[in-house]
Amino acid sequence: SWGCGPGPGHIHLPDGWHRHRRRWPGQRGAMHGLIHPEMGHVRPPRHPDDTYPGICPYHSDCLEGMANGNTINNFILRPLLTNDKFNNLNEACILDFINENVIETSHNKKVTSFDDIISGILSGNTGIYVEGCNFYVLAQTTGFDKRGVEKPQVEGIVKGPQEAFNETVRTNVTLIRKIIKNSNLTTEFLEIGNRNNNLCAVMYLNGLVNPAIVKEVKRRINSLKADFILGDGMLEQFIEDNPMSLIPTVLSTERPDRTASFILEGKVAIIAEGTPFALIVPVTIHSLFHSPEDANLRWQFGTALRLIRYIAVFIAMLLPGLYVALINFHREMIPTDLLIAIAKAKENVPFPTIFEILILELSFELIREAGMRIPGVVGSTIGVVGALILGQAAVSANIVSPTLIIITAVTGLGNFAIPNFSLAFGVRILRFLFIFAGAVLGFYGISLAGIVLAALLVNIKSFGVPFFSFNAPKTRRS
């Protein structure tokens with residue numbers, strides 16, 4: 001029950017080695033799996049209904065693969081089994097002497113709570129305890145498998161770094177520190193999730209960031225009461241100012257260089273274990289239109305591309321609604337030749353314009369979703385071919401008019417030009433609201449919906465910072 005191996009006098013190690021059990025000089029009790037969980041195995045409690053036998057050949061219930069066996073053997077076990085290390089032993093608590101003079105791991109800390117030592121062990125670290133002492137020593141020996149640093153999958157660029165985050169929080173922190181070599185760069189680790197105890201890093205540049213923002217970020221994270229929080233997506237929904245808003249008030253990025261640039265602007269980066277993304281707070285509406293490539297281009301090119309993105313948002317959000325309003329209520333605004341061409345194209349279509357455009361929009365969303373769910377090159381191929389076949393078939397069957405095919409295609413291109421995924425998703429939903437507004441009241445309905453949307457956006461804040469900063473509200477001083 002202490003994590004012993006198959007025979008007496010042996011201790012089973014995670015990497016398959018066996019050593020004879022022995023005492024080191026001055027040890028008050030036997031060394032076994034409970035004192036040093038990595039020498040035995042951590043035995044988690046078994047649910048009464050759990051019938052899975054486990055994979056360990058000796059005692060079934062184990063946590064293997066979390067720690068680095070070489071680190072444990074060479075920098076913890078080998079020094080503990082060396083007699084010369086204990087020649088100058090003169091301390092009341094031998095664990096103090098072991099922590100300061102014997103074990104050779106780089107990050108050791110004393111913990112007094114049993115919950116803290118269990119949490120550390122479950123993260124792949126090694127806990128050391130000597131009978132009679134009133135604290136534990138937690139040595140960093142994390143060694144579980146992880147994905148390497150690869151190219152960005154979402155925010156790919158032509159010019160600039162080609163590194164992306166992975167799912168390990170300490171690797172992601174290192175990627176940022178490789179870019180920002182500044183002693184004021186501060187990293188604070190917090191735990192999120194009452195049951196899964198996930199690790200979260202809060203990074204900022206001390207002396208540049210607003211301390212009130214850092215305090216607010218930590219307050220929101222520490223106040224979370226949820227059993228399970230994995231990654232930035234779930235964390236973002238818990239800490240954002242207005243969860244009901246369609247427009248995101250927290251920026252998510254997978255690029256270390258972009259994260260570093262935001263930190264150097266006085267913002268706070270939040271990196272959670274489990275997903276290859278970082279959250280940036282606070283942000284403004286203009287931050288959502290920035291591309292990682294903008295900083296690597298000439299200012300003329302970057303400015304032109306940013307203007308194109310602003311235009312793309314208006315096209316993706318308003319174009320179908322404007323078309324419905326023109327056809328239903330404001331035909332006198334359409335040039336005569338164009339109006340005759342549209343009328344001829346709609347001559348054999350039995351459905352009203354609102355029904356046509358809803359059919360095309362929903363079909364476009366289905367093709368987009370199917371293309372994302374099908375892996376690899378096949379997904380993009382199905383998206384292109386499916387759109388062509390469905391569009392041609394719909395026109396041939398007189399279900400929709402050719403003009404609407406063009407409107408839907410241009411709208412989709414505008415949506416793809418938006419650099420932020422969450423913003424693009426919000427625009428997709430807002431597009432349907434403007435379609436219904438244009439179908440009910442024409443341009444008046446679109447104007448009313450635009451005024452309501454603008455009023456909501458100027459009242460949004462991101463961690464206390466107005467979402468339309470630099471535009472509104474105008475203040476003399478921060």
Side-chain angles (χ1 to χ4, degrees), residues 152-160 164 232-233 236-237 240 242 245-255 257-259 261-262 277-297 301-323 357 360-372 379-380 383-384 387 406-435 446 449-450 453-454 456-458 460 462 467-471:
Q153 301 295 320
V154 179
E155 298 175 289
I157 61 174
V158 178
K159 295 183 65 176
D232 70 299
E236 175 185 353
Q237 298 176 64
E240 63 183 348
N242 188 3
S245 174
L246 293 177
I247 306 300
T249 55
V250 177
L251 188 144
S252 178
T253 178
E254 65 172 343
R255 299 185 61 89
D257 58 320
R258 195 180 185 199
T259 305
S261 69
F262 280 118
F277 292 92
L279 300 177
I280 308 297
V281 295
V283 295
T284 63
I285 185 67
H286 303 289
S287 303
L288 302 179
F289 289 90
H290 288 194
S291 169
E293 200 170 24
D294 291 350
N296 299 300
L297 298 174
F301 306 155
T303 303
L305 289 175
R306 203 165 297 169
L307 289 175
I308 291 174
R309 296 181 198 123
Y310 283 109
I311 296 172
V313 168
F314 285 101
I315 290 176
M317 188 164 50
L318 299 176
L319 184 58
L322 291 174
Y323 177 79
I357 202 161
L360 279 179
E361 288 291 340
L362 291 175
S363 300
F364 192 85
E365 295 297 332
L366 286 174
I367 292 172
R368 188 205 308 251
E369 190 67 17
M372 291 180 61
S380 58
V384 175
I406 299 174
I407 294 293
T408 306
V410 174
T411 302
L413 290 176
N415 200 268
F416 287 133
I418 301 173
N420 186 275
F421 177 79
S422 298
L423 176 61
F425 215 116
V427 168
R428 288 161 63 183
I429 298 176
L430 289 173
R431 178 164 67 244
F432 286 95
L433 299 180
F434 279 99
I435 288 174
I446 291 178
L453 177 61
L456 292 174
L457 290 179
V458 296
I460 292 177
S462 175
F467 197 51
F468 268 81
S469 291
F470 306 118
N471 298 104

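Small disclaimer: the values here were computed from a predicted structure and weren't measured.
Thr408 has its side chain out of reach of Pro320: every pair of non-hydrogen atoms, C-beta onward, lies at least 4.5 Å apart. Between Leu279 and Leu251 there is no side-chain heavy-atom pair separated by less than 4.5 Å. Under the 4.5 Å side-chain criterion, counting only non-hydrogen atoms from C-beta, Val158 is in contact with Glu293. Between Phe467 and Ile247 there is a side-chain heavy-atom pair separated by less than 4.5 Å. Between Asp294 and Arg309 the shortest side-chain heavy-atom distance falls below 4.5 Å. In this structure, the side chains of Arg368 and Phe416 come closer than 4.5 Å at one or more pairs of heavy atoms. Taking the side chain as every heavy atom from C-beta outward, Val283 and Val250 never approach each other to under 4.5 Å. Within the 4.5 Å cutoff, side-chain heavy atoms of Phe277 are placed close to those of Val154.
Phe289 and Arg306 get closest at one heavy-atom pair: O-CG, 4.2 Å. Taking both residues in full, the closest heavy atoms of Arg255 and Thr253 are given as N-OG1, 3.2 Å, listed atom of the first, atom of the second, then distance. Among all heavy-atom pairs drawn from Ala312 and Ala417, the shortest one is CB-CB, 3.7 Å.
Remark: Arg428 qualifies as a cation-pi partner of Phe425 under the 6.0 Å distance and 45° angle criteria applied to the six-membered ring.
Going from atom CD1 of Ile407 over to atom CD1 of Ile357 covers 7.0 Å, rounded to the nearest 0.5 Å. Note that OG of Ser422 and CG of Leu246 are 11.5 Å apart. Values are rounded to the nearest 0.5 Å.
Ring geometry for Phe468 against His286 counts as perpendicular: the plane angle is over 60°, on a 0 to 90° scale with 30° as the lower cut.
Side chain to side chain, Glu236 and Ser252 fail the donor-acceptor criterion of an N or O pair below 3.5 Å.
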